[in-house]
Amino acid sequence: MAKKENRVLVTMACGDCKRRNYTTTKNRQHTSARLERKKYCRWCRRHTSHKETR
Ligand SMILES: [Zn+2]
């Protein structure tokens, strides 16, 4: 398949408990900086900021 490979798989980890709760893909051309999202952490049982991990 001739598909452009500019979407990369990233893992989102909770900033509080450091657990990796989500995986998502991002567009490398759009988002060169590290992603940060407010997401619900099931371990903290509230919304925390989740950051991209390597
Ligand atoms: Zn958490």
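Each residue takes its place number in the sequence, starting with 1. On a predicted model such as this, the values are computed, not experimentally measured, just so you know. Side chains are part of it too, since the values below use all heavy atoms of this structure and drop only hydrogens, waters and symmetry mates. First listed ligand is number 1; within each ligand, the first listed atom is number 1.
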Original post:
Does Thr11 offer a backbone N or O that forms a donor-acceptor pair with the side chain of Thr53 under 3.5 Å?
Top reply: yes
Original post:
With clusters built from Ile, Leu, Val, Met, Phe, Trp and Tyr whose side-chain heavy atoms come within less than 4.5 Å, directly or transitively, what are the remaining members of the cluster of Val10, listed by chain and number?
Top reply: Val8, Met12, Tyr22, Leu35, Tyr40
**OP:** Starting at NZ of Lys26, measure out to OG1 of Thr31 and round the result to the nearest 0.5 Å.
**Re:** 6.0 Å
Subject >> Atom pair CD (Gln29) and CG (Asn6), whose distance is rounded to the nearest 0.5 Å >> reply: 4.5 Å
**OP:** Give every residue pair that meets the salt bridge (charged side-chain N to carboxylate O under 4.0 Å, His left out) criterion with at least one member in residues 30-45, sequence neighbours excluded.
**Re:** none
Atom pairs and distances, donor-acceptor, side-chain atoms in residues 13-21, under 3.5 Å, two or more places apart:
from: Asp16; atom 1: OD2; to: Arg46; atom 2: NH2; distance (Å): 2.2
from: Lys18; atom 1: NZ; to: Gly15; atom 2: O; distance (Å): 3.0
from: Asn21; atom 1: OD1; to: Trp43; atom 2: NE1; distance (Å): 3.2
from: Asn21; atom 1: ND2; to: His50; atom 2: NE2; distance (Å): 2.8

Subject >> Closer than 2.8 Å to the Zn ion (ligand 1) - protein N, O or S atoms, ordered by chain and residue number >> reply: Cys14 SG, Cys17 SG, Cys41 SG, Cys44 SG
